[in-house]
2 protein chains.
Amino acid sequence: MEKTSSKFSKEVYGKILGHLEQDILDLLWSSGEASGKEIFTAIRRTRGIALTTVLTVLERLWKKGLVIKEKGESVYLFRPVFTKEEFAKEVSSDFFKGLFELSAGGASASFVNILAQVDPVELDRLKALVESKKKEIESRKG
Amino acid sequence: MEKTSSKFSKEVYGKILGHLEQDILDLLWSSGEASGKEIFTAIRRTRGIALTTVLTVLERLWKKGLVIKEKGESVYLFRPVFTKEEFAKEVSSDFFKGLFELSAGGASASFVNILAQVDPVELDRLKALVESKKKEIESRKG
DNA sequence: TAATATATTCGACAAGGCGTAGAATGTCAA
DNA sequence: TTGACATTCTACGCCTTGTCGAATATATTA
(Lines give C-alpha, C1' and ligand atoms only; values in the text may rest on other atoms or scores of the structure.)
Protein backbone atom coordinates (compact mmCIF):
# COMPACT_ATOMS: atom_id res chain seq x y z
CA MET A 1 0.00 0.00 0.00
CA GLU A 2 1.92 2.95 -1.22
CA LYS A 3 0.43 6.23 -2.10
CA THR A 4 2.08 7.88 -5.05
CA SER A 5 3.08 11.49 -5.36
CA SER A 6 6.11 13.30 -4.17
CA LYS A 7 5.42 16.88 -3.50
CA PHE A 8 7.74 17.98 -0.79
CA SER A 9 9.76 20.85 -1.97
CA LYS A 10 8.46 23.55 -4.16
CA GLU A 11 10.66 25.99 -5.92
CA VAL A 12 13.42 28.00 -4.56
CA TYR A 13 13.59 29.43 -1.23
CA GLY A 14 10.69 27.08 -1.47
CA LYS A 15 9.07 27.12 1.84
CA ILE A 16 11.39 29.79 3.01
CA LEU A 17 9.50 32.51 1.23
CA GLY A 18 6.17 32.76 -0.45
CA HIS A 19 5.77 33.53 -4.11
CA LEU A 20 4.92 37.13 -3.77
CA GLU A 21 7.70 37.61 -1.28
CA GLN A 22 10.05 36.10 -3.79
CA ASP A 23 8.86 38.29 -6.61
CA ILE A 24 9.27 41.36 -4.52
CA LEU A 25 12.72 40.42 -3.34
CA ASP A 26 13.73 39.70 -6.89
CA LEU A 27 12.58 43.10 -7.97
CA LEU A 28 14.54 44.66 -5.18
CA TRP A 29 17.61 42.75 -6.15
CA SER A 30 17.29 44.09 -9.66
CA SER A 31 16.61 47.66 -8.77
CA GLY A 32 18.60 47.91 -5.61
CA GLU A 33 16.02 50.13 -4.07
CA ALA A 34 12.40 50.92 -4.72
CA SER A 35 9.29 52.37 -3.20
CA GLY A 36 6.28 50.24 -2.52
CA LYS A 37 4.47 51.88 -5.34
CA GLU A 38 7.23 51.17 -7.80
CA ILE A 39 7.21 47.53 -6.89
CA PHE A 40 3.48 47.51 -7.09
CA THR A 41 3.61 49.05 -10.54
CA ALA A 42 6.12 46.51 -11.73
CA ILE A 43 4.07 43.59 -10.54
CA ARG A 44 0.92 45.20 -11.79
CA ARG A 45 2.26 45.01 -15.28
CA THR A 46 2.08 41.26 -14.99
CA ARG A 47 -1.08 40.63 -13.09
CA GLY A 48 -3.79 42.25 -11.06
CA ILE A 49 -2.78 43.14 -7.57
CA ALA A 50 -3.59 45.83 -5.06
CA LEU A 51 -1.09 48.35 -3.79
CA THR A 52 -1.83 47.40 -0.22
CA THR A 53 -1.03 43.80 -0.95
CA VAL A 54 2.43 44.77 -2.00
CA LEU A 55 2.85 47.06 0.97
CA THR A 56 1.72 44.38 3.37
CA VAL A 57 4.18 41.90 2.06
CA LEU A 58 6.93 44.48 2.05
CA GLU A 59 6.13 45.09 5.67
CA ARG A 60 6.36 41.40 6.40
CA LEU A 61 9.68 41.15 4.65
CA TRP A 62 10.86 43.97 6.82
CA LYS A 63 9.66 42.22 9.95
CA LYS A 64 11.54 39.16 8.83
CA GLY A 65 14.68 41.21 8.55
CA LEU A 66 14.96 40.74 4.83
CA VAL A 67 14.52 44.29 3.68
CA ILE A 68 15.46 47.70 4.94
CA LYS A 69 12.84 50.37 5.06
CA GLU A 70 13.94 53.94 4.91
CA LYS A 71 12.11 57.19 4.49
CA GLY A 72 13.12 58.81 1.23
CA GLU A 73 12.16 62.26 0.03
CA SER A 74 8.51 61.65 0.39
CA VAL A 75 7.96 57.92 0.61
CA TYR A 76 9.51 54.89 2.16
CA LEU A 77 12.11 53.13 0.13
CA PHE A 78 12.96 49.48 0.45
CA ARG A 79 16.25 47.73 -0.07
CA PRO A 80 17.24 44.12 0.40
CA VAL A 81 19.32 43.48 3.48
CA PHE A 82 21.21 40.68 1.81
CA THR A 83 22.59 40.33 -1.64
CA LYS A 84 21.37 37.33 -3.52
CA GLU A 85 24.58 35.58 -2.68
CA GLU A 86 24.34 36.33 0.98
CA PHE A 87 20.79 35.30 1.04
CA ALA A 88 21.63 32.07 -0.70
CA LYS A 89 24.24 31.33 1.93
CA GLU A 90 22.00 32.36 4.75
CA VAL A 91 19.14 30.24 3.57
CA SER A 92 21.16 27.27 2.54
CA SER A 93 23.36 26.95 5.54
CA ASP A 94 20.69 25.83 7.95
CA PHE A 95 19.16 23.66 5.36
CA PHE A 96 22.47 22.00 4.68
CA LYS A 97 23.14 21.40 8.31
CA GLY A 98 19.95 19.46 8.62
CA LEU A 99 20.50 17.74 5.37
CA PHE A 100 23.91 16.51 6.34
CA GLU A 101 22.57 15.01 9.47
CA LEU A 102 20.29 13.04 7.28
CA SER A 103 22.95 11.99 4.88
CA ALA A 104 26.06 13.87 3.93
CA GLY A 105 26.68 11.47 1.10
CA GLY A 106 23.25 11.79 -0.38
CA ALA A 107 23.39 15.54 -0.11
CA SER A 108 26.74 15.78 -1.83
CA ALA A 109 25.72 13.50 -4.61
CA SER A 110 22.59 15.43 -5.22
CA PHE A 111 24.37 18.72 -5.01
CA VAL A 112 26.92 17.79 -7.61
CA ASN A 113 24.33 16.35 -9.91
CA ILE A 114 22.14 19.34 -9.88
CA LEU A 115 25.03 21.71 -10.16
CA ALA A 116 26.33 19.86 -13.17
CA GLN A 117 22.94 20.04 -14.70
CA VAL A 118 22.22 23.66 -13.99
CA ASP A 119 25.61 25.24 -14.29
CA PRO A 120 28.41 22.83 -15.16
CA VAL A 121 31.00 25.54 -15.24
CA GLU A 122 30.53 26.00 -11.56
CA LEU A 123 31.93 22.53 -11.02
CA ASP A 124 35.41 23.94 -11.39
CA ARG A 125 34.72 26.50 -8.80
CA LEU A 126 33.30 23.94 -6.48
CA LYS A 127 36.36 21.82 -6.93
CA ALA A 128 38.55 24.76 -6.11
CA LEU A 129 36.48 25.52 -3.10
CA VAL A 130 36.81 22.01 -1.81
CA GLU A 131 40.54 22.02 -2.31
CA SER A 132 41.11 25.26 -0.57
CA LYS A 133 38.89 24.22 2.25
CA LYS A 134 40.86 21.06 2.64
CA LYS A 135 44.09 22.98 2.80
CA GLU A 136 42.60 25.31 5.31
CA ILE A 137 41.74 22.39 7.52
CA GLU A 138 45.12 20.78 7.06
CA SER A 139 46.96 23.90 8.04
CA ARG A 140 44.79 24.35 11.06
CA LYS A 141 45.63 20.90 12.24
CA GLY A 142 49.24 22.09 12.18
CA MET B 1 15.40 51.16 9.78
CA GLU B 2 16.20 47.53 9.91
CA LYS B 3 14.36 44.97 11.85
CA THR B 4 16.59 42.35 13.36
CA SER B 5 15.98 38.65 13.43
CA SER B 6 16.68 36.02 10.89
CA LYS B 7 14.34 33.21 11.24
CA PHE B 8 14.01 31.62 7.90
CA SER B 9 15.15 28.10 8.12
CA LYS B 10 14.50 25.78 10.94
CA GLU B 11 16.13 22.48 11.32
CA VAL B 12 16.41 19.75 8.90
CA TYR B 13 14.18 18.97 6.14
CA GLY B 14 13.22 22.22 7.66
CA LYS B 15 10.08 23.36 6.12
CA ILE B 16 9.78 20.23 4.16
CA LEU B 17 8.36 18.30 7.05
CA GLY B 18 6.91 19.24 10.37
CA HIS B 19 8.54 18.30 13.62
CA LEU B 20 6.33 15.41 14.45
CA GLU B 21 6.57 14.15 10.93
CA GLN B 22 10.32 14.26 11.26
CA ASP B 23 10.36 12.43 14.55
CA ILE B 24 8.18 9.73 13.19
CA LEU B 25 10.22 9.29 10.05
CA ASP B 26 13.37 9.14 12.13
CA LEU B 27 11.89 6.40 14.25
CA LEU B 28 10.95 4.50 11.15
CA TRP B 29 14.42 4.88 9.76
CA SER B 30 15.81 3.41 12.96
CA SER B 31 13.43 0.54 13.28
CA GLY B 32 12.79 -0.13 9.66
CA GLU B 33 9.19 -0.91 10.36
CA ALA B 34 6.75 -0.22 13.15
CA SER B 35 3.12 -0.10 14.05
CA GLY B 36 1.46 3.14 14.92
CA LYS B 37 1.27 2.09 18.50
CA GLU B 38 4.96 1.34 18.69
CA ILE B 39 5.79 4.73 17.35
CA PHE B 40 3.32 6.25 19.71
CA THR B 41 4.92 4.44 22.62
CA ALA B 42 8.36 5.59 21.63
CA ILE B 43 7.35 9.20 21.40
CA ARG B 44 5.28 8.90 24.52
CA ARG B 45 8.41 8.14 26.45
CA THR B 46 9.57 11.63 25.68
CA ARG B 47 6.46 13.71 25.93
CA GLY B 48 2.74 13.56 26.23
CA ILE B 49 0.98 12.72 23.04
CA ALA B 50 -2.16 10.87 22.01
CA LEU B 51 -2.15 7.72 19.97
CA THR B 52 -4.46 9.27 17.43
CA THR B 53 -2.08 12.14 16.90
CA VAL B 54 0.59 9.72 15.84
CA LEU B 55 -1.81 7.80 13.66
CA THR B 56 -3.01 10.93 11.96
CA VAL B 57 0.46 12.04 11.11
CA LEU B 58 1.37 8.58 9.94
CA GLU B 59 -1.63 8.75 7.69
CA ARG B 60 -0.48 12.07 6.31
CA LEU B 61 2.99 10.77 5.69
CA TRP B 62 1.41 7.98 3.76
CA LYS B 63 -0.65 10.39 1.73
CA LYS B 64 2.52 12.28 0.94
CA GLY B 65 4.07 9.11 -0.31
CA LEU B 66 6.71 8.99 2.36
CA VAL B 67 5.72 5.83 4.12
CA ILE B 68 4.28 2.51 3.18
CA LYS B 69 1.35 1.17 5.09
CA GLU B 70 0.81 -2.54 5.17
CA LYS B 71 -1.43 -4.79 7.16
CA GLY B 72 0.61 -7.02 9.40
CA GLU B 73 -0.63 -9.89 11.52
CA SER B 74 -3.14 -7.81 13.33
CA VAL B 75 -2.22 -4.19 12.83
CA TYR B 76 -0.94 -1.90 10.15
CA LEU B 77 2.79 -1.57 9.89
CA PHE B 78 4.58 1.42 8.49
CA ARG B 79 7.86 1.59 6.64
CA PRO B 80 9.64 4.51 5.07
CA VAL B 81 9.48 4.59 1.30
CA PHE B 82 12.89 6.16 0.99
CA THR B 83 16.09 5.51 2.81
CA LYS B 84 17.57 8.50 4.50
CA GLU B 85 19.94 8.88 1.61
CA GLU B 86 17.25 8.73 -0.97
CA PHE B 87 15.17 11.12 0.94
CA ALA B 88 18.08 13.50 1.26
CA LYS B 89 18.55 13.45 -2.49
CA GLU B 90 14.89 13.75 -3.19
CA VAL B 91 14.45 16.68 -0.88
CA SER B 92 17.61 18.47 -1.72
CA SER B 93 17.41 18.29 -5.46
CA ASP B 94 14.52 20.68 -5.86
CA PHE B 95 15.88 22.91 -3.22
CA PHE B 96 19.23 23.06 -4.94
CA LYS B 97 17.69 23.85 -8.24
CA GLY B 98 16.05 26.91 -6.84
CA LEU B 99 19.07 27.81 -4.85
CA PHE B 100 21.32 27.75 -7.86
CA GLU B 101 19.08 30.11 -9.66
CA LEU B 102 19.61 32.48 -6.83
CA SER B 103 23.31 32.07 -6.74
CA ALA B 104 25.29 29.01 -7.67
CA GLY B 105 28.39 30.55 -6.18
CA GLY B 106 26.81 31.37 -2.88
CA ALA B 107 25.29 27.95 -2.67
CA SER B 108 28.54 26.17 -3.37
CA ALA B 109 30.44 28.25 -0.89
CA SER B 110 27.90 27.61 1.76
CA PHE B 111 27.74 23.96 0.98
CA VAL B 112 31.46 23.45 1.28
CA ASN B 113 31.63 25.44 4.47
CA ILE B 114 28.95 23.56 6.22
CA LEU B 115 30.19 20.25 4.99
CA ALA B 116 33.67 21.02 6.26
CA GLN B 117 32.21 21.94 9.55
CA VAL B 118 29.88 19.03 9.96
CA ASP B 119 31.78 16.23 8.33
CA PRO B 120 35.18 17.22 6.95
CA VAL B 121 35.97 13.74 5.80
CA GLU B 122 33.19 14.03 3.30
CA LEU B 123 35.18 16.72 1.53
CA ASP B 124 37.24 14.05 -0.13
CA ARG B 125 34.19 12.34 -1.34
CA LEU B 126 32.78 15.55 -2.63
CA LYS B 127 35.98 16.25 -4.47
CA ALA B 128 35.86 12.83 -6.04
CA LEU B 129 32.29 13.36 -7.00
CA VAL B 130 33.08 16.60 -8.70
CA GLU B 131 35.94 15.09 -10.59
CA SER B 132 34.02 12.15 -11.83
CA LYS B 133 31.17 14.36 -12.82
CA LYS B 134 33.48 16.55 -14.77
CA LYS B 135 34.87 13.58 -16.60
CA GLU B 136 31.41 12.37 -17.31
CA ILE B 137 30.58 15.68 -18.89
CA GLU B 138 33.80 15.77 -20.84
CA SER B 139 33.26 12.37 -22.29
CA ARG B 140 29.75 13.20 -23.24
CA LYS B 141 30.94 16.18 -25.15
CA GLY B 142 33.07 13.75 -27.11
C1' DT C 1 -24.21 -14.26 20.11
C1' DA C 2 -23.36 -10.38 22.94
C1' DA C 3 -20.04 -7.86 25.32
C1' DT C 4 -15.53 -6.20 25.74
C1' DA C 5 -11.16 -4.80 24.01
C1' DT C 6 -8.40 -3.13 20.46
C1' DA C 7 -7.48 -0.87 15.96
C1' DT C 8 -8.52 2.52 12.59
C1' DT C 9 -10.80 6.28 10.58
C1' DC C 10 -13.36 10.75 10.77
C1' DG C 11 -14.07 15.14 11.75
C1' DA C 12 -12.47 19.19 14.08
C1' DC C 13 -10.04 22.87 16.14
C1' DA C 14 -6.09 26.02 16.89
C1' DA C 15 -2.10 28.24 15.34
C1' DG C 16 0.78 30.13 12.04
C1' DG C 17 2.14 31.48 7.27
C1' DC C 18 0.93 33.73 3.02
C1' DG C 19 -1.81 36.24 -0.42
C1' DT C 20 -5.15 39.44 -0.66
C1' DA C 21 -7.17 43.95 -0.05
C1' DG C 22 -10.62 47.42 1.94
C1' DA C 23 -11.01 50.76 5.71
C1' DA C 24 -8.94 53.90 8.53
C1' DT C 25 -5.54 57.06 9.54
C1' DG C 26 -1.68 60.12 8.73
C1' DT C 27 0.65 63.85 6.12
C1' DC C 28 1.45 67.62 3.31
C1' DA C 29 0.52 71.15 0.02
C1' DA C 30 -2.79 74.32 -2.26
C1' DT D 1 -9.81 73.09 5.17
C1' DT D 2 -9.80 69.99 1.73
C1' DG D 3 -7.85 66.88 -1.30
C1' DA D 4 -4.48 63.76 -2.84
C1' DC D 5 -1.35 60.60 -1.77
C1' DA D 6 1.17 57.47 1.73
C1' DT D 7 1.04 54.23 5.35
C1' DT D 8 -0.97 51.31 8.73
C1' DC D 9 -4.75 48.35 10.52
C1' DT D 10 -7.61 44.82 10.38
C1' DA D 11 -9.31 40.92 8.47
C1' DC D 12 -10.60 37.10 5.47
C1' DG D 13 -9.60 32.72 3.06
C1' DC D 14 -6.70 28.97 2.26
C1' DC D 15 -3.27 25.68 3.47
C1' DT D 16 -0.23 23.00 6.60
C1' DT D 17 0.76 20.90 10.92
C1' DG D 18 -0.06 19.34 15.58
C1' DT D 19 -3.47 17.85 18.34
C1' DC D 20 -7.41 14.74 19.66
C1' DG D 21 -12.05 13.00 20.85
C1' DA D 22 -15.75 10.53 18.87
C1' DA D 23 -17.32 7.18 15.96
C1' DT D 24 -16.72 3.06 13.66
C1' DA D 25 -14.74 -1.34 12.53
C1' DT D 26 -12.68 -5.60 13.86
C1' DA D 27 -11.43 -9.21 16.70
C1' DT D 28 -11.58 -11.84 20.95
C1' DT D 29 -13.89 -14.18 24.35
C1' DA D 30 -17.27 -15.00 27.92
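The sequence lines fix the lettering, A, B, ..., with proteins before strands; numbering per chain opens at 1. Given the structure is predicted, the values throughout are model-derived calculations rather than measurements. Values below: all heavy atoms of this structure, side chains included; hydrogens, waters and symmetry mates excluded.
- Residues A/V75 make up the rest of the hydrophobic cluster containing A/L77, defined by ILVMFWY side-chain heavy atoms closer than 4.5 Å, directly or through other members.
- At whole-Å resolution of the value, CD in B/E59 and P in C/dC10 are 8 Å apart.
- Under the 30°/60° scheme for interplanar angles, the aromatic rings of A/F111 and B/F111 are found to lie parallel.
- Proximity of B/K37 to the phosphate of C/dA7: a side-chain N or O atom is located under 4.0 Å from OP1 or OP2.
- Partners of B/R125 by side-chain hydrogen bond (donor to acceptor under 3.5 Å, both in side chains), not counting sequence neighbours, listed by chain and number: B/E122.
- Distance CG (B/L17) to P (D/dT17): 8 Å, rounded to an integer number of Å.
- Rounded to a whole Å, the CD atom of B/E21 is 11 Å from the P atom of D/dT16.
- Distance check: B/Y76 OH to B/S35 OG gives 13.5 Å after rounding to the nearest 0.5 Å.
- As rounded to whole Å, 17 Å separates atom P of D/dA25 from atom CG of B/L55.
- Annotation: side-chain hydrogen bond (donor to acceptor under 3.5 Å, both in side chains) contacts of B/K127 (sequence neighbours excluded): none.
- Not a single side chain to side chain contact (heavy atoms under 4.5 Å, CB included) links B/S132 to another residue, sequence neighbours left out.
- Rounded to a whole Å, the CD atom of A/E70 is 17 Å from the C1' atom of D/dA6.
- Rounded to an integer number of Å, the gap from CG of B/L58 to P of C/dT9 is 10 Å.
- Atom-to-atom, NZ of B/K64 to C1' of D/dG18 comes out at 11 Å; the value is rounded to the nearest Å.
- Here the CG-OG distance, from B/L129 to A/S108, works out to 6.5 Å after rounding to the nearest 0.5 Å.
- Regarding A/E38, its CD atom lies at a distance of 15 Å from the C1' atom of D/dC5, rounded to whole Å.
- For the pair A/R140 and A/E136, the salt-bridge criterion is met [side-chain N within less than 4.0 Å of a carboxylate O].
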If you restrict it to nitrogen or oxygen atoms, what contacts under 3.5 Å exist between nucleotides 20-28 of chain C and the protein, and what is each distance?
| residue | atom | partner | partner atom | Å |
| --- | --- | --- | --- | --- |
| C/dT20 | OP1 | A/R47 | NH1 | 3.2 |
| C/dT20 | OP2 | A/R47 | NH2 | 3.1 |
| C/dT20 | O4 | A/R60 | NH2 | 3.3 |
| C/dA21 | OP2 | A/A50 | N | 2.8 |
| C/dA21 | OP2 | A/T53 | OG1 | 3.0 |
| C/dA21 | N6 | A/T56 | OG1 | 2.8 |
| C/dG22 | N7 | A/T52 | OG1 | 3.3 |

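- Contact check, A/K71 against D/dT7: a side-chain N or O comes under 4.0 Å of OP1 or OP2.
- A donor-acceptor pair under 3.5 Å is absent between the side-chain atoms of B/T53 and the main chain of B/I49, judged by distance alone.
- Between the two ends of the helix from C/dT1-D/dA30 to C/dA30-D/dT1, each summarised by a five-pair axis, the helix axis turns through 30° (rounded to 10 degrees).
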